[in-house]
Novice: 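Have a look at this one.
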Protein chains: 2
Amino acid sequence: MTKIKQNTLFVGTLAKGLRILRAFDETHTDLSLTELSAITGLDKSAVQRLAHTLHLEGMLDKDPTTRRYSPSHGWLRLAYAYYWSDPLIARAMPKLIDLSQRLGETVNLAQLSGQKIIYTNRLPGTRTTFAATLPGRTVPALCTSAGQAILATFPPQERAAAIETWPLERYTPQTTMDRATIAEEIDRAAQIGHSISHDQLILNEVGIACAIRGPDGRAWSAVHCSVSSHHWNDDRIRAEILPWLHDTANAIPPSHERTSAPHHIGLKA
Amino acid sequence: MTKIKQNTLFVGTLAKGLRILRAFDETHTDLSLTELSAITGLDKSAVQRLAHTLHLEGMLDKDPTTRRYSPSHGWLRLAYAYYWSDPLIARAMPKLIDLSQRLGETVNLAQLSGQKIIYTNRLPGTRTTFAATLPGRTVPALCTSAGQAILATFPPQERAAAIETWPLERYTPQTTMDRATIAEEIDRAAQIGHSISHDQLILNEVGIACAIRGPDGRAWSAVHCSVSSHHWNDDRIRAEILPWLHDTANAIPPSHERTSAPHHIGLKA
DNA sequence: GCCAAGTTATCATATAGTAATAACTTAAAT
DNA sequence: ATTTAAGTTATTACTATATGATAACTTGGC
């Protein structure tokens with residue numbers, strides 16, 4: 001067994017249990033003991049005991065016939081507790097609903113989470129992909145209009161560091177993988193106060209984002225709108241979406257308490 | 001320290017860690033070490049080590065000035081993994097979106113989770129309460145139209161047992177606390193194929209639910225719609241909502257694999 | 001019907017979590 | 001300002017608890 005940390009305050013058993021939970025994702029929707037063992041790198045016995053415990057505690061479902069484990073409703077209950085804990089959600093939600101009704105298009109609340117964007121709340125319109133309807137999805141911040149709109153509010157040197165080092169991932173043939181281009185996009189976003197991206201995560205998808213700025217001008221979150229380029233050209237977007245998007249973002253008072261970066265230790269990548 | 005279980009496969013440390021996670025809810029959005037200790041019943045030292053570990057692993061945020069812990073984005077990432085693992089979600093989501101656009105009102109996907117209903121996906125319209133916009137919320141099954149619509153598909157003796165023993169909770173002065181009345185409601189739902197409830201969770205809220213039946217006729221989930229009684233009388237609901245609601249529920253093929261009850265051990269209450 | 005792969009159960013051992021205590025920090029009170 | 005209390009971090013000796021190897025038992029594939 002690989003020692004994880006030589007700290008007396010660190011409870012390795014708990015960390016191992018969390019590894020089991022995190023073994024599940026888009027492609028691993030249900031796992032057997034041996035698969036869990038392979039993915040987590042934990043030995044069979046440990047996985048057996050930990051998975052069994054998680055099952056008893058209601059944090060893993062177990063198919064009685066296939067003996068395969070899968071995420072339980074308990075995972076959604078945790079999400080529910082999260083929503084109450086984040087003061088931004090309650091402030092933003094009503095305005096987001098208004099916006100989605102007005103536009104009739106997909107509207108999201110996006111937050112910076114480490115070096116990624118997490119869509120915390122989603123109000124999907126028609127013509128969206130499945131993944132785009134699910135809260136909790138994360139994508140590299142640099143790849144998204146929301147991430148760019150947020151980074152545009154950062155002081156120059158932090159912005160530069162992020163553009164240089166934060167991860168990129170290719171989702172479509174058109175995904176921008178060139179950091180210089182991304183730097184330009186973010187510069188432009190800083191000028192005009194919003195960011196528009198094309199074909200980054202899905203082909204023919206246009207992402208439009210406007211940062212939610214704090215009193216210091218800095219943002220950790222953004223209002224995001226996603227439309228199809230088949231139905232919306234740039235002129236129409238400028239005329240019929242941007243004004244409302246700006247209004248919405250400006251109408252949401254950010255979590256004023258937070259003056260420094262959120263500390264998402266362990267949520268690297 | 002209270003012994004939790006005398007099973008060699010049970011990892012008490014992990015269970016304690018989960019207790020910490022579950023200490024957070026609507027009213028406990030951020031907690032100090034001492035508060036965590038009080039709520040979980042774990043001693044100070046244990047809470048210190050477990051919370052510290054969860055923080056390092058990215059499953060708890062910690063405010064550096066107040067030293068208070070709160071749920072992290074990691075909780076939403078788990079929810080995201082859950083959504084992929086439940087095959088019903090992908091089948092239902094597109095139809096729910098269509099329905100919400102057509103009705104212009106709040107639409108939910110509700111599932112039976114132990115003796116409660118959990119709203120797994122929500123497409124809120126205007127005029128909803130904050131809690132009603134959040135996925136992962138649970139309420140006693142007997143209190144909701146969705147729960148009643150689902151129970152109406154159960155065989156008589158199981159239905160009766162549920163009506164007798166499952167929990168009730170008062171949310172409004174009008175919340176039905178009489179089990180005989182609930183039995184009648186469920187009987188009616190079995191006749192007409194849907195359930196309508198008034199003022200159960202919020203005053204002036206009408207809940208309308210239609211079960212998603214499996215090949216055996218039994219349901220574990222429901223499509224749910226919530227409207228304001230100020231804007232919708234029973235006639236209009238019957239004419240303008242019910243037909244679409246039925247169509248939607250019937251158009252969603254349920255998770256055919258599952259033939260017996262989901263086994264949500266530990267999610268009692 | 002057999003074999004391979006995977007899952008459950010058992011158990012001696014020492015590692016790894018425990019709980020008590022002490023050192024330190026912050027906020028409140030006088 | 002100074003003191004006090006409450007709460008948080010750090011340390012340590014101890015032993016309860018998780019470990020991992022192995023064995024018994026299922027299940028499904030051929």
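So you know, we letter chains A, B, ... as the sequences are listed, proteins then strands, and number each from 1.
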Novice: Whether the A:Tyr119 and A:Gln111 side chains hold a donor-acceptor pair (N or O, under 3.5 Å, no angle test) is what I'd like checked.
Specialist: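 No, no side-chain donor-acceptor pair sits under 3.5 Å.
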Novice: Considering only atom C1', compute the distance from C:dT18 to C:dA14 and round it to an integer number of Å.
Specialist: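 Their C1' atoms lie roughly 15 Å apart.
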Novice: Answer yes or no: side-chain N or O of A:Arg68 and base N or O of C:dG6 forming a donor-acceptor pair under 3.5 Å.
Specialist: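 A donor-acceptor contact between them is absent.
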Novice: How many Å lie between NZ on B:Lys44 and P on C:dT18, as a whole number?
Specialist: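 After rounding, the gap between these two atoms is 17 Å.
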Novice: Can you find a donor-acceptor N/O pair under 3.5 angstrom joining the side chain of A:Thr13 to the base of D:dA18?
Specialist: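 Under the 3.5 Å cut-off, the side chain and the base do not form any donor-acceptor pair.
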Novice: Which whole-number value in Å describes the distance from A:Asp43 CG to C:dT15 P?
Specialist: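 Distance, rounded to whole Å: 15 Å.
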Novice: With respect to the side chain of A:Leu9, which nucleotide from D:dA18, D:dA10, C:dA9 is positioned closest?
Specialist: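 The answer is D:dA10.
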Novice: Identify the residue among B:Tyr83, B:Trp84, B:Tyr80 that makes a side chain to side chain donor-acceptor pair (under 3.5 Å) with A:Glu26.
Specialist: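 The single option meeting the side chain to side chain donor-acceptor pair (under 3.5 Å) with A:Glu26 is B:Tyr80.
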Novice: Can you tell me how far C1' of C:dT7 sits from CZ of A:Arg49, to the nearest Å?
Specialist: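 Going from A:Arg49 (CZ) to C:dT7 (C1'), I get 15 Å.
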Novice: Is the shortest heavy-atom distance from the side chain of B:Leu109 to the side chain of B:Leu88 under 4.5 Å?
Specialist: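 Result yes, sub-4.5 Å side-chain heavy-atom pair found.
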Novice: Does a side-chain N-to-carboxylate-O contact under 4.0 Å join A:Asp63 and A:Arg68?
Specialist: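 Result for this pair is no, no salt bridge flagged.
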Novice: Treat primed atoms plus P, OP1 and OP2 as sugar-phosphate and everything else as base, then score nucleotides 22-28 of chain C 5' to 3': B for base contact with protein heavy atoms under 4.0 Å, S for sugar-phosphate contact only, - for none.
Specialist: ----S--
Novice: Testing B:Val11, B:Thr13, B:Leu18 one by one against A:Thr53 for a side chain to side chain contact (heavy atoms under 4.5 Å, CB included), which residue passes?
Specialist: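 One option only clears the test, and that one is B:Val11.
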Novice: Whole angstroms only, please: what is the NE2-P distance between B:His52 and D:dT11?
Specialist: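 Those two atoms, NE2 and P, are 12 Å apart.
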Novice: Whole Å only: how far is the CG atom of A:Leu42 from the P atom of D:dA18?
Specialist: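 The distance from CG of A:Leu42 to P of D:dA18 comes to 15 Å, rounded to the nearest Å.
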Novice: Nearest nucleotide by nearest heavy atom, which residue falls closer to the 5' end of DNA chain C, A:Ser32 or A:Val11?
Specialist: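 Looking at DNA chain C, the more 5' nearest nucleotide goes with A:Ser32.
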Novice: In chain order, what residues pass the side chain to side chain donor-acceptor pair (under 3.5 Å) check against B:Ser32, with sequence neighbours excluded?
Specialist: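 By the side chain to side chain donor-acceptor pair (under 3.5 Å) rule, B:Ser32 matches B:Thr34, B:Glu35.
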Novice: With no hydrogens and no angle check, do the side chains of B:Thr248 and B:Asn250 hold a donor and an acceptor under 3.5 Å apart?
Specialist: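 B:Thr248 vs B:Asn250: no donor-acceptor pair found between side chains.
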Novice: According to a strict under-4.0 Å criterion, is A:Lys16 in side-chain N/O contact with OP1 or OP2 of D:dT19?
Specialist: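 For D:dT19, OP1 or OP2 has a side-chain N or O of A:Lys16 closer than 4.0 Å.
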Novice: Given that A:Ser45 and A:Leu14 both sit by DNA chain C, which one's nearest nucleotide is further toward the 5' end?
Specialist: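 Whichever sits nearer the 5' end wins; that is A:Ser45.
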Novice: What is the distance from NE2 of B:His55 to C1' of D:dT8, rounded to the nearest Å?
Specialist: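 Whole-Å distance recorded here is 14 Å.
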Novice: Can you tell me the distance, in whole Å, between the CD atom of A:Gln48 and the C1' atom of C:dC11?
Specialist: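 After rounding, the reported distance stands at 13 Å.
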Novice: Remember a base hit wins even if backbone is also touched, and classify B:Thr34 as base, sugar-phosphate or nothing at under 4.0 Å, heavy atoms.
Specialist: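 Sugar-phosphate: the residue B:Thr34, judged by heavy atoms under 4.0 Å, touches backbone atoms but no base.
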Novice: Roughly how many Å is it from CG in A:Leu50 to C1' in D:dG20, rounded to a whole number?
Specialist: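 Going from CG in A:Leu50 over to C1' in D:dG20 covers 12 Å.
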Novice: Closer than 4.0 Å, any side-chain N/O of B:Lys62 to the OP1 or OP2 of D:dT9?
Specialist: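 Yes, such a contact exists.
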